[in-house]
> 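Structure incoming, see below.
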Amino acid sequence: MGPLTYKIDEILLSSGIVNQTQIDTAKGIQKEESIRLEDAIVKLGYASYSEILRALALYHDLAVIDLDQVTISDEVVNVLPLELIKKHQIIPISKENDVVTIAVSTPPDIEFIDNLRFILNANVKCVITTPENIEKTIHRYYGQKPTDAVDILLKELTTRKTSFNEISIEQIDESSYESKDIEDEGPIIQLVSLVINKAIASRASDIHVEPFSNRVRIRYRIDGVCQEAEVLPKRLQDPIISRIKILANIDIAEKRRPQDGRIGLKYAGKEFDVRVSCLPSIYGESVVMRLLEKTDVLMNVKNLGLYKGDYKRFRSVIKRPNGILLITGPTGSGKTTTLYAVINELNKTDTKIVTAEDPVEYTLSGINQSEVNEKIGFSFPAILRSMLRQDPNIILVGEIRDAETADIAVAAALTGHLVLSTLHTNDAPSAITRLIDMGVKPFLIATSLQGIMAQRLVRKICSHCKEPVHYTPQQLREMGVEIKNGNDLLFYKGKGCKNCNNIGYRGRIGIYELIDMNDILRDMAYRMAPTDEIRHVARKMGMTTIKEDGLKKAKDGLTTLDEVFAVTGMED
């Protein structure tokens, strides 16, 4: 780090950490092994790095820092070349205004500070830490050999969660395991299994493996919210992704095109189907694994969370012999779960049910399920045409994406079939306008459509730490909450406990709005009435909006006001 402007032996002698005889012995070791005097002193057992560090910090008026407690942003990590960082064992840790803070293990001289100022084009502030702390942080943010990193990570991660050995992954073709990047297969296999184990134990629906310029981030989506689980060294990226691709029967040599696969696994007596998606990005392949528990789908309409009035109307719609029922909402709003709940309700021995899905998310007993495969021309329209020759009573179409699918679904509904499907719209009234925009003739919509239910998912308050929270009338009015009496000021929230990982939420529940088509609404669809007009009339006829349903659930202590407004927005 350049010629030093101080003599470390004098500092350590004056501080009383070592004596002259020990200094002389350490200098002999320093010369023989070409190491720093500090390293020689520690090697001989005369003092610890912490003791030497405190003496140096006091002499040079530098703050001592523990880098294990510091999170370094991407912007700061990349301000200095990696070669410089490794050569001088320094690391940038923060940047505020025009000052960059650098962690060092040896106090730098003035010349070196000036060189850093020139490279950074900013002022430099130094803090001091141990060489081990610097080395560990460099490994953390800039990578290291997979064999070294995994051993450390496994020790750290397994102390926080259950053993990865509880996972049993089926149908692994180990003969295809030919990656030359993996120096030690065992630890990488264990690490990937541990990541999946922790995700399942945390009730995650998805695992995100995201590559960045200097690290790999692993996040779990729990109750619809992404939460960072681990940050791994960059050099583990290829081994981890290769291992996942092998499990999912995905070509590990292909890294330029998107690929999909699936993994079957058992965990704690439960069976999971893991859908794997690989997407090339500028820093490597981004991988998402969706965890689908095969028994999760055993839900019925009664458990969806519909209030009594909507529940009766919804059951009335699904019991009709023909027509179309649409479930609408954005991606991740629980539409497929609702469709499967309806199917479970209607699945009787005297009823034939056929589905067209992309993909088949759950395997249902007694149902004829087909999966879209665009590569061979097995599209939604193609499956639907074939379905009608299978003499079904009920048809489930995973999603109405285009005019051709919509036309065939309408035709099926008009020829005596009950058609269940989803549509991407923000609310129920917009579905009518969306179908018209697709090119479906208004009179066909008016004739075939039986019901539309829009939905969202909100997080449920943890039952173990739920507590009341009082708002002032002014606060509620500003949020658009109607106040009728003093009881309307009381709502609930989760304080946070070990059962919810101190988040205050555990699980999710649906909030809904349901349109049950009648003669007035059919006439409006035929006239191509604007969405706002349809919404106004539907509300006059008793439709509860998604936000109103959410506010009622917040009032009943199922969720929080913050969660309802986060999902539905503050506007009416």
Side-chain angles (χ1 to χ4, degrees), residues 157 160-162 166-167 194-208 218-230 265 267-274 288-307 311 329-338 340-341 361-362 455-471 490-512 546-547 549-568:
L157 303 183
R160 299 202 296 267
K161 292 292 179 182
T162 56
E166 292 183 38
I167 283 187
L194 179 61
V195 167
I196 297 174
N197 173 290
K198 292 180 68 179
I200 294 174
S202 301
R203 302 179 299 106
S205 60
D206 301 86
I207 304 171
H208 296 254
I218 294 179
R219 293 195 292 174
Y220 299 153
R221 187 178 292 278
I222 303 172
D223 294 334
V225 179
C226 278
Q227 300 177 22
E228 187 172 286
E230 311 294 344
L265 64 87
Y267 173 81
K270 298 178 181 179
E271 292 189 6
F272 289 83
D273 188 19
V274 183
V288 176
M289 292 180 279
R290 170 152 290 187
L291 304 171
L292 301 171
E293 185 183 342
K294 294 182 178 180
T295 56
D296 262 358
V297 74
L298 300 179
M299 175 181 280
N300 57 50
V301 173
K302 187 179 293 185
N303 296 331
L304 288 176
L306 291 161
Y307 280 116
Y311 172 70
T331 301
S333 59
K335 300 187 296 296
T336 301
T337 300
T338 299
Y340 279 129
E361 295 194 8
Y362 300 97
Q455 67 178 70
R456 299 288 190 280
L457 291 176
V458 293
R459 290 180 292 173
K460 293 170 63 177
I461 298 173
C462 174
S463 59
H464 293 87
C465 60
K466 184 168 77 171
E467 62 180 17
V469 55
H470 293 269
Y471 291 89
L490 177 63
F491 289 86
Y492 299 87
K493 69 175 182 179
K495 184 179 180 180
C497 64
K498 64 179 182 180
N499 291 286
C500 59
N501 291 325
N502 293 312
I503 296 171
Y505 297 99
R506 184 177 176 86
R508 289 191 290 177
I509 190 171
I511 54 177
Y512 307 93
I546 289 177
K547 178 172 287 187
D549 191 53
L551 291 175
K552 191 171 190 305
K553 287 183 167 73
K555 184 63 188 171
D556 290 344
L558 298 174
T559 188
T560 64
L561 281 181
D562 289 341
E563 184 70 6
V564 172
F565 287 119
V567 171
T568 65

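Only a predicted model underlies this, so the values are computations on that prediction, with no experimental measurement involved. Hydrogens, waters and symmetry mates play no part in the numbers below; they use all other heavy atoms, side chains included. All residue numbers refer to positions in the sequence shown, counting from 1.
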> Would Thr559 and Tyr492 count as having a side-chain donor-acceptor pair, cut-off 3.5 Å?
no
> Within the distance-only criterion (no hydrogens, no angle test), does the side chain of Glu563 pair as donor or acceptor with the backbone N or O of Val458 below 3.5 angstrom?
no
> How close do Asp223 and Gly507 get, counting heavy atoms only, and between which atoms?
OD2-N, 2.9 Å
> Do Tyr505 and Lys460 have side-chain heavy atoms sitting under 4.5 Å apart?
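Sidechains of Lys460 and Tyr505: no contact.
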> Check whether any side-chain N or O of Asn300 sits under 3.5 Å from a backbone N or O of Ala341 as a donor-acceptor pair, and report yes or no.
no
> Would you mind reporting whether Leu490 and Lys555 have side-chain heavy atoms less than 4.5 Å apart?
yes
> Which heavy atom of Gly496 sits nearest a heavy atom of Cys465, and at what distance?
N-SG, 3.2 Å
> First locate atom CG of Asn499, then atom OG of Ser463, and finally report the distance between them rounded to the nearest 0.5 Å.
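Nearest 0.5 Å value for the CG-OG distance: 7.5 Å.
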> Within the side chain of Tyr220, is there an N or O that forms a donor-acceptor pair under 3.5 Å with the backbone of Ile200?
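Here the side-chain-to-backbone pair does not exist.
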> Can you list the steps and then say if Val195 with Ile218 is a side chain to side chain contact (heavy atoms under 4.5 Å, CB included)?
CA-CA 8 Å; Val195 167; Ile218 294 179; 3.8 Å; yes
> Drop me the distance from Ile222's CD1 to Arg508's CZ, to the nearest 0.5 angstrom.
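One gets 11.0 Å once the value is rounded to the nearest 0.5 Å.
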> In Å, rounded to the nearest 0.5 Å, how long is the span from CD1 of Ile511 to CG of Leu306?
12.0 Å
> Restricting to salt bridge (Lys or Arg N to Asp or Glu O under 4.0 Å), what partner residues turn up for Asp562, sequence neighbours left out?
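Scan of Asp562 (salt bridge (Lys or Arg N to Asp or Glu O under 4.0 Å), adjacent residues dropped) gives none.
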> Using atom types as modelled and distance alone, determine if a side-chain donor or acceptor of Lys493 lies under 3.5 Å from a backbone N or O of Pro468.
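Absent.
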> Could you work out, with side chain to side chain donor-acceptor pair (under 3.5 Å) as the rule, every residue matching Thr338, not counting sequence neighbours?
Gln455
> Given side chains that start at C-beta, do those of Leu558 and Ile461 come closer than 4.5 Å, heavy atoms only?
no
> Would you say Arg456 and Pro330 make side-chain contact, with heavy atoms under 4.5 Å?
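Yes - at least one pair of side-chain heavy atoms lies under 4.5 Å apart.
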> With sequence neighbours excluded, tell me which residues meet side chain to side chain donor-acceptor pair (under 3.5 Å) with Arg506.
none
> Of all residues at least two apart in sequence or in a different chain, which pass the salt bridge (Lys or Arg N to Asp or Glu O under 4.0 Å) check with Lys552?
Asp556
> Side chain to side chain contact (heavy atoms under 4.5 Å, CB included), that's the test. Do Asp273 and Leu291 meet it? Break it down for me.
CA-CA 6 Å; Asp273 188 19; Leu291 304 171; over 6 Å; no
> Keeping the roles fixed (side chain from Tyr512, backbone from Leu304), state whether a donor-acceptor pair exists under 3.5 Å.
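Side chain of Tyr512 to backbone of Leu304: a pair is present.
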> Can you tell me how far CD1 of Ile503 sits from SG of Cys462, rounded to the nearest 0.5 angstrom?
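Between atom SG of Cys462 and atom CD1 of Ile503 there are 10.0 Å.
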> For a 4.5 angstrom cut-off between non-hydrogen side-chain atoms, does Leu265 reach Ile196?
yes
> How long is the span from the OG atom in Ser202 to the CG atom in Asn501, to the nearest 0.5 Å?
6.5 Å
> Please name all residues satisfying side chain to side chain donor-acceptor pair (under 3.5 Å) with Lys553, sequence neighbours left out, ordered by chain then number.
Asp549
> Is the closest basic N to carboxylate O distance between Lys198 and Glu230 below 4.0 Å?
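Salt bridge between Lys198 and Glu230, a charged N being under 4.0 Å from a carboxylate O: yes.
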> Looking at side-chain heavy atoms only, is the closest gap between Cys500 and His464 below 4.5 Å?
no
> Mind checking what makes side chain to side chain donor-acceptor pair (under 3.5 Å) contact with Arg290, not counting sequence neighbours?
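Checked Arg290 against side chain to side chain donor-acceptor pair (under 3.5 Å); matches are Asp206.
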